Amino acid sequence: MKKLIAGVVTGVIMSIIIIDYKGLAYQFAGIGETKPTSLAELDASYALNVLLITSVCVVLVYLLNYYITKKQAEPN
């Protein structure tokens, strides 16, 4: 469970660093006497990229932990 949490946290941090997400927003011009408004949406490609980077980090943390425990268990 600790490996999963460590991988997810690492993946989210890596996603924030690697993908410089500015947000996707649409600006609607005011008509008549109304003020301009903006509508923000979640970008699907950003969510997919975060999911992929997080998945890769979870697998890498698991494999690294497996390799370290296997090396420690080997007799010298």
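In this text the structure is predicted, and so the values were computed from the model without any measurement. In what follows, every heavy atom counts, from backbone to side chain, and hydrogens, waters and symmetry copies are set aside.
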Please go through [X]'s hydrophobic cluster and name the other residues, only I, L, V, M, F, W, Y counting, with side-chain heavy atoms under 4.5 Å joining them.
X: L48; answer: L52
X: V59; answer: Y62, L63
X: L64; answer: I68
X: V61; answer: none

Cut-off 3.5 Å, no hydrogens considered: what does the side-chain donor-acceptor table look like for residues 3-18, sequence neighbours left out?
residue, atom, partner, partner atom, Å
T10, OG1, A6, O, 2.6
S15, OG, G11, O, 2.8

Qualifying residues under side chain to side chain donor-acceptor pair (under 3.5 Å), relative to T69, sequence neighbours excluded:
none
